[in-house]
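Data first, discussion second: the structure below is written as structure tokens.
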Amino acid sequence: MSVSRDFFDRPVLEVAPELIGMVLLVDGVGGRIVEVEAYDEADPASHSFRGPTPRNAAMFGPPGHAYVYKIYGIHYCLNFVCRPGSAILIRALEPNVGLDMMHERRGGVVEKQLCSGPGKLAAALAVDLKQNGLPLDEAPFALLPAEAVSEVVTGPRIGITKGVETPWRFVERNSRYLSKPMKP
DNA sequence: AACTGGATCGTCT
DNA sequence: GACGATCCAGTTG
């Protein structure tokens with residue numbers, strides 16, 4: 001049973017660390033969330049910073065829905081929308097459901113890097129614009145509660161040029177499935 | 001381990 | 001017309 005939409009109707013910084021350890025599936029394929037980043041409308045690094053546009057519309061829509069965008073003309077990134085203008089970028093999974101399917105979609109990479117980055121994760125789960133705006137508690141999505149409490153570490157976000165010092169990256173401590181190791 | 005450049009295109013200036 | 005919440009391959013140290 002998926003986590004309810006109300007789970008996301010809270011401050012983004014409260015929700016983000018709680019996602020670590022939850023299992024994300026798209027059409028029955030996915031794994032444990034081990035890395036996320038938070039963005040909100042007061043944040044110069046956020047797509048919502050300059051207000052609503054056609055592209056970021058989902059970010060200003062109801063909580064508990066997906067915001068998917070294309071980046072660098074090549075890759076897709078998946079976010080979970082919280083309150084209007086805020087969202088959480090899903091950056092890495094520990095893949096464990098549907099490994100065959102993910103390997104097929106990603107081509108000969110080792111399991112450790114199947115979902116070790118936002119673009120890789122989207123490719124492995126076949127996420128693209130067709131999921132933009134869809135609710136997270138209905139097919140094709142499933143978001144299952146964590147089975148055990150994870151130790152969560154915080155640090156600066158990756159790949160941005162503004163808001164660089166804002167420590168809104170959340171990762172599972174000692175996970176070997178991260179996009180990059182967490183700074184000491 | 002750290003840094004470089006190329007791919008590729010929708011979005012906003 | 002420039003740039004980006006990325007990835008990969010290549011080079012350098």
Side-chain angles (χ1 to χ4, degrees), chain A residues 8 11-13 15-17 19-20 24 26 30-31 33-61 63 65-95 102-134 136 152-172 174-184:
Chain A
F8 292 96
V12 67
L13 291 181
V15 177
L19 289 175
I20 303 298
L24 167 66
V26 179
I33 298 173
V34 296
E35 176 177 351
V36 302
E37 285 176 0
Y39 292 85
D40 78 14
E41 71 275 22
D43 173 3
S46 173
H47 289 178
S48 59
F49 184 60
R50 292 168 199 271
T53 68
R55 168 166 87 145
N56 65 21
M59 233 180 132
F60 290 91
H65 289 238
Y67 166 45
V68 183
Y69 64 87
K70 194 181 207 180
I71 190 169
Y72 298 112
I74 304 178
H75 303 287
Y76 294 96
C77 294
L78 170 64
N79 298 251
F80 295 167
V81 177
C82 290
R83 286 174 176 168
S86 69
I88 299 166
L89 172 67
I90 311 303
R91 288 192 54 92
L93 302 183
E94 173 184 328
M102 289 191 274
H103 274 112
E104 211 170 291
R105 290 164 175 163
R106 290 273 296 122
V109 303
V110 296
E111 181 171 320
K112 185 172 44 172
Q113 45 199 29
L114 266 184
C115 303
S116 59
K120 301 175 183 179
L121 178 164
L125 305 204
V127 167
D128 60 23
L129 293 184
K130 71 180 174 302
Q131 285 96 9
N132 188 31
L134 297 185
L136 298 170
V152 178
V153 184
T154 302
R157 294 171 296 184
I158 295 182
I160 53 174
T161 57
K162 302 159 202 161
V164 176
E165 288 306 312
T166 311
W168 287 359
R169 180 184 185 220
F170 301 87
V171 311
E172 177 174 56
N174 296 331
S175 172
R176 22 190 262 286
Y177 297 96
L178 305 181
S179 62
K180 292 173 74 164
M182 186 58 94
K183 266 206 154 177

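A, B, ... follow the sequence lines: proteins, then strands. Residue 1 opens every chain.
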Quiz item: Can you name the one residue among A/W168, A/Y67, A/Y69 that meets side-chain contact (heavy atoms from CB on, under 4.5 Å) with A/L89?
Solution: A/Y69

Exercise. Going 5' to 3' through nucleotides 7-13 of chain C, assign each nucleotide B (protein heavy atom under 4.0 Å from a base atom), S (under 4.0 Å only from sugar-phosphate atoms) or - (no protein heavy atom that close).
Key: SS-----

Practice problem: Check whether any side-chain N or O of A/S46 sits under 4.0 Å from OP1 or OP2 of C/dA5, and answer yes or no. | Solution: no

Practice problem: Determine, stepwise, if the pair A/K180 / A/R91 fulfils side chain to side chain contact (heavy atoms under 4.5 Å, CB included). | Solution: CA-CA 10 Å; A/K180 292 173 74 164; A/R91 288 192 54 92; 5.7 Å; no

Quiz prompt | Over all atoms of both residues, closest heavy-atom pair of A/L114 and A/R106 | solution = O-NE, 2.9 Å

Quiz item: Checking only heavy atoms, does the side chain of A/Y69 share a donor-acceptor pair with the base of C/dA5 at less than 3.5 Å?
Solution: yes

Quiz item: Just wondering, do A/P52 and A/F60 contact through their side chains at under 4.5 Å, heavy atoms?
Solution: yes

Quiz item: Side chains of A/S175 and A/E35: donor-acceptor distance under 3.5 Å anywhere?
Solution: no

Quiz prompt | pair A/K120-A/C115: side-chain heavy atoms closer than 4.5 Å | solution = no

Practice problem: Report yes if the ring of A/Y39 lies under 5.5 Å from the six-membered base ring of C/dA5 with planes under 30°, and no otherwise. | Solution: yes

Self-check item: Contiguous Watson-Crick or G-U pair runs (3 or more, under 3.5 Å) in DNA chain C
Solution: B:1-7 with C:6-12, B:9-12 with C:1-4

Quiz item: Counting N and O atoms only, with roles assigned by atom type, does the side chain of A/N79 sit under 3.5 Å from a partner on the main chain of A/V81, one being a donor and the other an acceptor?
Solution: no

Practice problem: Can you figure out which of C/dG4, C/dA5, B/dT8 approaches the side chain of A/Y67 most closely? | Solution: C/dA5

